[in-house]
Amino acid sequence: MSMKRFIEEYMFVIYTSVLFLFVLNTFIANAILAYVVGVLSIPMLCVSFLGAAKLFRILGVIFLSVGIALFIYSGLPIYQIPIFMTSTMPLLAFLAMLPWMNSVVRAGRFDRRINEIMKVNVTNLGRLYERSSFTTYVLCTFINLSALSLSQEVLKEI
(Lines give C-alpha, C1' and ligand atoms only; values in the text may rest on other atoms or scores of the structure.)
Protein backbone atom coordinates (compact mmCIF):
# COMPACT_ATOMS: atom_id res chain seq x y z
CA MET A 1 0.00 0.00 0.00
CA SER A 2 1.40 3.36 -1.00
CA MET A 3 1.77 6.18 1.50
CA LYS A 4 -0.72 8.39 -0.40
CA ARG A 5 -3.38 5.71 -0.37
CA PHE A 6 -2.75 4.99 3.33
CA ILE A 7 -3.21 8.69 4.14
CA GLU A 8 -6.38 8.91 2.03
CA GLU A 9 -7.91 5.86 3.72
CA TYR A 10 -7.05 6.90 7.27
CA MET A 11 -7.39 10.68 6.98
CA PHE A 12 -10.48 10.60 9.18
CA VAL A 13 -8.40 9.03 11.96
CA ILE A 14 -5.88 11.88 11.77
CA TYR A 15 -8.59 14.56 11.84
CA THR A 16 -10.60 12.84 14.54
CA SER A 17 -7.54 12.38 16.75
CA VAL A 18 -6.47 16.01 16.48
CA LEU A 19 -10.00 17.29 17.04
CA PHE A 20 -10.47 14.95 20.00
CA LEU A 21 -7.25 16.23 21.58
CA PHE A 22 -8.39 19.80 20.96
CA VAL A 23 -11.79 19.21 22.57
CA LEU A 24 -10.12 17.42 25.49
CA ASN A 25 -7.76 20.36 25.91
CA THR A 26 -10.73 22.73 25.90
CA PHE A 27 -11.83 21.10 29.16
CA ILE A 28 -8.47 20.55 30.85
CA ALA A 29 -6.61 23.64 29.50
CA ASN A 30 -3.14 22.08 29.41
CA ALA A 31 -0.44 24.17 27.69
CA ILE A 32 1.55 21.09 26.64
CA LEU A 33 -1.49 19.45 25.06
CA ALA A 34 -2.32 22.71 23.27
CA TYR A 35 1.21 22.75 21.84
CA VAL A 36 0.89 19.07 20.78
CA VAL A 37 -2.38 19.87 19.00
CA GLY A 38 -0.63 22.75 17.23
CA VAL A 39 2.25 20.50 16.15
CA LEU A 40 -0.19 17.84 14.88
CA SER A 41 -2.20 20.44 13.00
CA ILE A 42 0.78 21.28 10.78
CA PRO A 43 0.92 17.85 9.07
CA MET A 44 -2.88 17.87 9.03
CA LEU A 45 -2.72 21.15 7.07
CA CYS A 46 -0.21 19.64 4.63
CA VAL A 47 -2.34 16.54 4.04
CA SER A 48 -5.42 18.71 3.53
CA PHE A 49 -3.54 20.95 1.13
CA LEU A 50 -2.47 18.02 -1.01
CA GLY A 51 -6.05 16.74 -1.27
CA ALA A 52 -7.67 20.12 -1.88
CA ALA A 53 -9.11 21.40 -5.13
CA LYS A 54 -7.16 23.95 -7.16
CA LEU A 55 -9.21 26.94 -5.94
CA PHE A 56 -8.63 26.05 -2.29
CA ARG A 57 -4.93 25.50 -2.92
CA ILE A 58 -4.64 28.97 -4.43
CA LEU A 59 -6.54 30.54 -1.54
CA GLY A 60 -4.50 28.49 0.92
CA VAL A 61 -1.22 29.69 -0.58
CA ILE A 62 -2.41 33.30 -0.39
CA PHE A 63 -3.49 33.00 3.25
CA LEU A 64 -0.38 31.06 4.24
CA SER A 65 1.85 33.61 2.50
CA VAL A 66 0.18 36.50 4.30
CA GLY A 67 0.34 34.61 7.60
CA ILE A 68 4.01 33.77 7.18
CA ALA A 69 4.82 37.35 6.23
CA LEU A 70 2.97 38.70 9.26
CA PHE A 71 4.65 36.12 11.50
CA ILE A 72 8.10 37.12 10.24
CA TYR A 73 7.22 40.81 10.59
CA SER A 74 6.11 40.29 14.20
CA GLY A 75 9.54 38.93 15.13
CA LEU A 76 8.18 35.99 17.13
CA PRO A 77 10.35 32.90 17.60
CA ILE A 78 9.62 29.99 15.26
CA TYR A 79 8.76 27.59 18.09
CA GLN A 80 5.55 29.57 18.69
CA ILE A 81 4.06 28.61 15.31
CA PRO A 82 2.15 25.59 16.73
CA ILE A 83 0.52 27.82 19.35
CA PHE A 84 -0.96 29.97 16.59
CA MET A 85 -2.04 26.93 14.58
CA THR A 86 -4.62 26.05 17.24
CA SER A 87 -6.52 29.33 16.90
CA THR A 88 -8.69 27.95 14.09
CA MET A 89 -9.41 24.63 15.76
CA PRO A 90 -12.77 25.76 17.26
CA LEU A 91 -13.99 26.58 13.77
CA LEU A 92 -12.76 23.25 12.44
CA ALA A 93 -14.47 21.41 15.30
CA PHE A 94 -17.69 23.29 14.56
CA LEU A 95 -17.52 22.47 10.85
CA ALA A 96 -16.85 18.82 11.66
CA MET A 97 -20.16 18.70 13.52
CA LEU A 98 -22.25 19.96 10.57
CA PRO A 99 -22.56 16.58 8.79
CA TRP A 100 -23.57 14.97 12.08
CA MET A 101 -26.18 17.67 12.63
CA ASN A 102 -27.46 17.11 9.08
CA SER A 103 -27.84 13.37 9.69
CA VAL A 104 -29.81 14.04 12.89
CA VAL A 105 -32.11 16.41 11.00
CA ARG A 106 -32.66 13.86 8.24
CA ALA A 107 -33.12 10.91 10.64
CA GLY A 108 -35.72 12.85 12.61
CA ARG A 109 -37.33 14.02 9.36
CA PHE A 110 -37.22 17.57 10.65
CA ASP A 111 -36.44 18.84 7.14
CA ARG A 112 -39.69 17.34 5.83
CA ARG A 113 -41.70 18.68 8.75
CA ILE A 114 -40.34 22.19 8.28
CA ASN A 115 -41.12 21.94 4.56
CA GLU A 116 -44.70 20.88 5.30
CA ILE A 117 -45.21 23.66 7.86
CA MET A 118 -43.89 26.30 5.46
CA LYS A 119 -46.34 25.24 2.73
CA VAL A 120 -49.50 25.39 4.89
CA ASN A 121 -51.95 28.06 3.66
CA VAL A 122 -49.54 29.41 1.04
CA THR A 123 -51.35 30.99 -1.90
CA ASN A 124 -48.41 32.41 -3.85
CA LEU A 125 -44.64 32.19 -4.15
CA GLY A 126 -44.17 35.55 -2.41
CA ARG A 127 -45.69 34.17 0.79
CA LEU A 128 -43.57 31.00 0.53
CA TYR A 129 -40.47 33.16 0.08
CA GLU A 130 -41.28 35.13 3.24
CA ARG A 131 -41.76 31.96 5.26
CA SER A 132 -38.64 30.28 3.93
CA SER A 133 -36.58 33.41 4.62
CA PHE A 134 -37.88 33.58 8.17
CA THR A 135 -37.22 29.85 8.69
CA THR A 136 -33.68 30.23 7.36
CA TYR A 137 -33.10 33.17 9.67
CA VAL A 138 -34.31 31.21 12.72
CA LEU A 139 -32.25 28.12 11.88
CA CYS A 140 -29.12 30.20 11.22
CA THR A 141 -29.59 31.86 14.59
CA PHE A 142 -29.37 28.46 16.29
CA ILE A 143 -26.31 27.52 14.27
CA ASN A 144 -24.66 30.81 15.19
CA LEU A 145 -25.37 30.19 18.87
CA SER A 146 -23.02 27.22 18.70
CA ALA A 147 -20.32 29.50 17.29
CA LEU A 148 -20.79 31.97 20.14
CA SER A 149 -17.94 30.51 22.19
CA LEU A 150 -15.61 30.94 19.20
CA SER A 151 -16.57 34.60 18.90
CA GLN A 152 -16.15 35.08 22.62
CA GLU A 153 -12.62 33.68 22.55
CA VAL A 154 -11.67 35.97 19.68
CA LEU A 155 -13.04 39.01 21.50
CA LYS A 156 -11.27 38.04 24.73
CA GLU A 157 -7.92 38.03 22.92
CA ILE A 158 -8.46 41.57 21.63
Engineer: Return yes when atom CD1 of Ile28 has more than 12 non-hydrogen atoms of other residues, nucleotides or ligands closer than 6.0 Å, and no otherwise.
Structural biologist: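 Above 12, so yes.
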Engineer: May I ask you to check whether over 12 heavy atoms, not counting those of Phe20, lie within 6.0 Å of atom CZ?
Structural biologist: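 12 or below, so no.
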Engineer: Tell me whether the count of non-hydrogen atoms from other residues, nucleotides or ligands lying under 6.0 Å of CD1 in Ile78 goes above 12.
Structural biologist: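 No.
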Engineer: Just wondering, more than 12 heavy atoms not from Phe71 lying within 6.0 Å of its CZ?
Structural biologist: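 Yes - once you tally the heavy atoms of other residues, nucleotides and ligands closer than 6.0 Å, there are more than 12.
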Engineer: For Leu45 and Ser41, run side-chain contact (heavy atoms from CB on, under 4.5 Å): C-alpha distance rounded to whole Å, both residues' side-chain angles, the deciding distance at 0.1 Å, then the answer.
Structural biologist: CA-CA 6 Å; Leu45 175 68; Ser41 67; over 6 Å; no
Engineer: Short question: side chain of Asn30, backbone of Asn25 - any donor-acceptor pair under 3.5 Å?
Structural biologist: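 Checked: no pair found.
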Engineer: Same cluster for Tyr35 and Met85 if Ile/Leu/Val/Met/Phe/Trp/Tyr side chains link at under 4.5 Å?
Structural biologist: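 No, separate clusters.
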Engineer: To check you understand the geometry: which heavy-atom pair defines the closest contact between Arg57 and Phe49, and what is its length?
Structural biologist: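 For Arg57 versus Phe49, the nearest heavy atoms are NE-O, 3.1 Å.
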Engineer: Any chain of hydrophobic side-chain contacts (each under 4.5 Å) joining Tyr79 to Phe84?
Structural biologist: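 Per the 4.5 Å side-chain linkage, Tyr79 and Phe84 are not co-clustered.
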Engineer: Are Leu33 and Tyr15 connected into the same hydrophobic cluster when the rule is that any two of I, L, V, M, F, W, Y join if their side-chain heavy atoms are below 4.5 Å apart?
Structural biologist: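 Tyr15 and Leu33: one cluster.
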Engineer: Which is it for Met89 and Thr26 under the side-chain contact (heavy atoms from CB on, under 4.5 Å) test, yes or no, and what are the steps along the way?
Structural biologist: CA-CA 10 Å; Met89 284 292 173; Thr26 301; over 6 Å; no
Engineer: Assigning hydrophobic clusters by single linkage (Ile, Leu, Val, Met, Phe, Trp, Tyr; side-chain heavy-atom cutoff under 4.5 Å), is Ile42 placed with Ile83?
Structural biologist: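 No, no single cluster joins them.
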Engineer: Considering the options Val36, Leu40, Thr86, which one meets the side-chain contact (heavy atoms from CB on, under 4.5 Å) requirement together with Val18?
Structural biologist: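 Running side-chain contact (heavy atoms from CB on, under 4.5 Å) over Val36, Leu40, Thr86 with Val18 returns exactly one hit, Leu40.
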Engineer: Rounded at 0.5 Å granularity, tell me how far CG in Leu21 sits from OG1 in Thr16.
Structural biologist: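 Leu21 CG to Thr16 OG1: 11.0 Å, rounded to 0.5 Å.
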Engineer: Cluster question for you: counting only ILVMFWY and a side-chain heavy-atom cut-off of under 4.5 Å, with indirect links fine, are Val61 and Ile68 together?
Structural biologist: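 No, Val61 does not connect to Ile68 through the hydrophobic network.
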